Amino acid sequence: MRYRNTDAIVLLGLNPTAPDEARALRSFGSEVMLITDGKRSDWISVDGQAFDLADGDQVAAFLRHLRVPEARQEYAAQAFQSVDRDMGDELGHLAMVWAHAERSGIIPGRMVISGEHVGSGMFWSRKASGILRVSDLAKLARAFPKVANAVEDLHMSACQSANEVFSWPKIFPQLKTIWAYAGSCPGTFAGASKHLAIWDKATRGPARKIGRMLAQGTRKGNSVVVWTPLGGLVTGEVSDLPELRARIAAGNATFDEYFEGEANVADPQSGPLRDYYNWLQEALRHPDLTYGERLTFERRRDTTIRLIFYDAQIKVRFADAYRSQISAGYASLALAAPDLAHLSRKEAVLAVGAFESKADRKRADAAEALRPLLVEGLLQLAPRYIPENWI
């Protein structure tokens, strides 16, 4: 079979406003295949037959139904095994689009990924509970090599998406352009549709005239970065690595102040802690960063973004998600559970300290079970207890 690459766009839209982005692209004459959250999490219907993609046996049946070659079914199955619950239907819809493209020989050459993101290799939705990882998409792409080798233009409508730019050519080897963001990405109605229009025009046909200055003068245009095989990553960032190291070192005291609750974030999008976070992200995009520094800065970045949203979102979601454990742990010490959703960071630090003091004396099982949730989760903001999609 002869394969033909087209300018059609696969739009993997995780947020509720994705249909609006698709309409904007279609208004310019582009063919758009929109993938969004399904009506029933992890379930997908093909030719009147429904499949539960959280069930391994049904995943296998689904892949056979799509006529995925047997030798490649295991790659796709691995993607469904690793993806979070509530993201199986999105991944399944993408598999359907890619399987049809390989069977028909007409393959979409452009792709947009739109969703929440903080630069840690994960995308999520403000609506759904699951997380879609870059590694999940990589596994699925291995099952569809004709598609993977046909994707030439990628747009990531997601904050801090510049951090993963160098991962994508390994997944889509024939990529000619990537549009991403070093910093915040505009929302659908606050600039994203305008950026998609610019990208759509620049990546149509065989001639690619991609450049970050195309977004000059638009909202969040300064955050745009582009990548091409010859030009590499162009970010517009001018700080060298020694300067970033110095800024981060000086900003560590600011981090400590917020971490201990001596200062509170008034606006998650601005202020000294947000500046510190941006310096960490910029350093992580620097090619000369050492391996040890990268691990250190990644850990600090992950804690900092949770601190930034601690009052706005984290403490409320923590109190709701772990309500039963909190109640049981405090009850085992004959203590009334504090209202963690409404305590300041400083008050939470003091409350956890008081809990630990009482728990050390009494050694109740429920209190010991709660201890890591409070210490590692609420105070240290460890990702295992505070997932990215709480941000």
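From a predicted model like this one, the values you see are computed outputs, not experimental measurements. Numbering of residues begins at 1 and proceeds along the displayed sequence.
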Are Tyr276 and Asn252 linked by a side-chain donor-acceptor pair shorter than 3.5 Å?
yes
Over all atoms of both residues, closest heavy-atom pair of Ser161 and Ala158
OG-O, 2.7 Å
With a 3.5 Å distance limit and no angle check, can you tell me whether Gln49 reaches the backbone of Val46 through a side-chain donor-acceptor pair?
no
Is there a side-chain contact between Tyr291 and Thr296 in this structure, where contact means two heavy atoms from C-beta onward sitting under 4.5 Å apart?
no
Going hydrophobic residue to hydrophobic residue with side-chain gaps under 4.5 angstrom, can you get from Ile9 over to Phe144?
no
Determine whether a donor-acceptor pair (N or O, by modelled atom type, separation under 3.5 Å) exists between the side chain of Thr203 and the backbone of Trp199.
yes
Verify whether one side chain among Asp267 and Ser270 offers a donor that lies under 3.5 Å from an acceptor in the other.
yes
Please say whether more than 12 non-hydrogen atoms of neighbouring residues, nucleotides or ligands are located less than 6.0 Å from CZ in Phe309.
yes
Could you check whether any side-chain heavy atom of Leu154 comes within less than 4.5 Å of a side-chain heavy atom of Val112, counting everything from C-beta outward?
no
Shortest non-hydrogen contact between Val225 and Ala182, atoms and distance
CG1-CB, 3.5 Å
For Glu70, does the CD atom sit with more than 12 other heavy atoms under 6.0 Å from it, leaving out its own atoms?
no
Under a 4.5 Å side-chain heavy-atom rule over Ile, Leu, Val, Met, Phe, Trp and Tyr, are Val316 and Ile391 clustered together?
no
Does Pro383 reach the side chain of Arg306, with side-chain heavy atoms less than 4.5 Å apart?
yes
Donor-acceptor side-chain pairing of Thr218 and His195 below 3.5 angstrom
yes
Show your working on salt bridge (Lys or Arg N to Asp or Glu O under 4.0 Å) between Arg110 and Asp200 and close with a plain yes or no.
CA-CA 9 Å; Arg110 298 190 291 175; Asp200 175 71; 2.9 Å; yes
Within-4.5 Å side-chain heavy-atom neighbours: Glu74 and Gln78
yes
Here the pair of heavy atoms bringing Leu53 nearest to Gly92 is CD1-CA, 3.6 Å
Is there a donor in the side chain of Ser82 and an acceptor in the side chain of Lys139, or the other way round, less than 3.5 Å apart?
yes
Looking at Phe51 versus His65, is the centre-to-centre ring distance below 6.0 Å?
yes
Closest approach of Ser332 and Lys362, non-hydrogen atoms and distance?
O-NZ, 3.1 Å
Under a 4.0 Å threshold between the charged nitrogen and the carboxylate oxygen, would Arg85 count as salt-bridged to Asp42?
yes
Same apolar cluster (I L V M F W Y, side chains within < 4.5 Å links), Leu340/Leu333:
yes
Does the cation-pi check pass for Arg204 over Phe28, that is, NZ or CZ under 6.0 Å from the six-membered ring centre and within 45° of its axis?
no
Cation-pi check, Arg301 onto Tyr277 ring (under 6.0 Å, within 45° of axis)
no
Exercise: do Asn15 and Glu116 side chains pair donor with acceptor under 3.5 Å
yes
With distance as the sole test, does Arg345 use its side chain to make a donor-acceptor pair with the main-chain N or O of Leu379 at under 3.5 Å?
yes
Intermediate values then yes/no, side chain to side chain donor-acceptor pair (under 3.5 Å), Tyr258 and Glu262:
CA-CA 6 Å; Tyr258 284 91; Glu262 299 299 334; over 6 Å; no
N-O pairing of Arg323 and Asp320 below 4.0 Å:
yes
Is there a donor in the side chain of Arg361 and an acceptor in the side chain of Ser357, or the other way round, less than 3.5 Å apart?
yes
Around His100, counting heavy atoms of other residues, nucleotides and ligands shown, do more than 12 lie under 6.0 Å from its NE2?
no
Residues Asp360, Arg371; criterion salt bridge (Lys or Arg N to Asp or Glu O under 4.0 Å); working and verdict
CA-CA 10 Å; Asp360 285 340; Arg371 188 195 297 267; 3.0 Å; yes
Parallel, tilted or perpendicular: which fits the ring planes of Trp390 and Tyr322, with parallel below 30° and perpendicular above 60°?
tilted
Would you say Arg285 and Gln160 are linked by a side-chain donor-acceptor pair, where the criterion is simply a distance under 3.5 Å?
yes
Within this structure, what is the CD1-CD distance for the pair Ile248 and Glu282, rounded to the nearest 0.5 Å?
9.0 Å
Are more than 12 heavy atoms, taken from residues, nucleotides or ligands other than Lys194, located less than 6.0 Å from that residue's NZ atom?
no
What's the verdict on salt bridge (Lys or Arg N to Asp or Glu O under 4.0 Å) for Arg299 and Asp302, showing C-alpha distance, side-chain angles and the deciding distance?
CA-CA 5 Å; Arg299 286 193 293 267; Asp302 293 344; over 6 Å; no
Arg133 to Trp124 six-membered ring, cation-pi geometry met (6.0 Å, 45°):
no
Measure the CG-CG distance between Asn264 and Leu307 for me, rounded to the nearest 0.5 Å.
10.0 Å
Can you check whether Met122 reaches Val134 side chain to side chain, under 4.5 Å on heavy atoms?
no
Closest non-hydrogen contact found for Ala337 with Ile326 is CB-CG2, 4.0 Å
Can you confirm whether Leu289 sits close enough to Phe297 that some side-chain heavy atom of one is under 4.5 Å from a side-chain heavy atom of the other?
yes
Any chance you could lay out the salt bridge (Lys or Arg N to Asp or Glu O under 4.0 Å) test for Asp153 and Lys176, step after step, and finish with the verdict?
CA-CA 6 Å; Asp153 303 287; Lys176 292 181 171 61; over 6 Å; no
Residues Arg212 and Asn222: closest non-hydrogen pair is NH2-O, 2.9 Å
Using a cut-off of 6.0 Å, state whether more than 12 heavy atoms not belonging to Lys346 lie near its atom NZ.
yes
Are Arg67 and Glu102 ion-paired here, with the side-chain N under 4.0 Å from a carboxylate O?
no
With a 4.5 Å limit on heavy-atom distance, are the side chains of Leu137 and Leu12 in contact?
yes
For a 4.5 angstrom cut-off between non-hydrogen side-chain atoms, does Glu31 reach Asp7?
no
Would you please classify the geometry between the Tyr181 ring and the Trp179 ring as parallel, tilted or perpendicular, with 30° and 60° separating the classes?
perpendicular
Compute whether any side-chain donor of one residue and acceptor of the other, for His117 and Glu164, lie under 3.5 angstrom apart.
yes
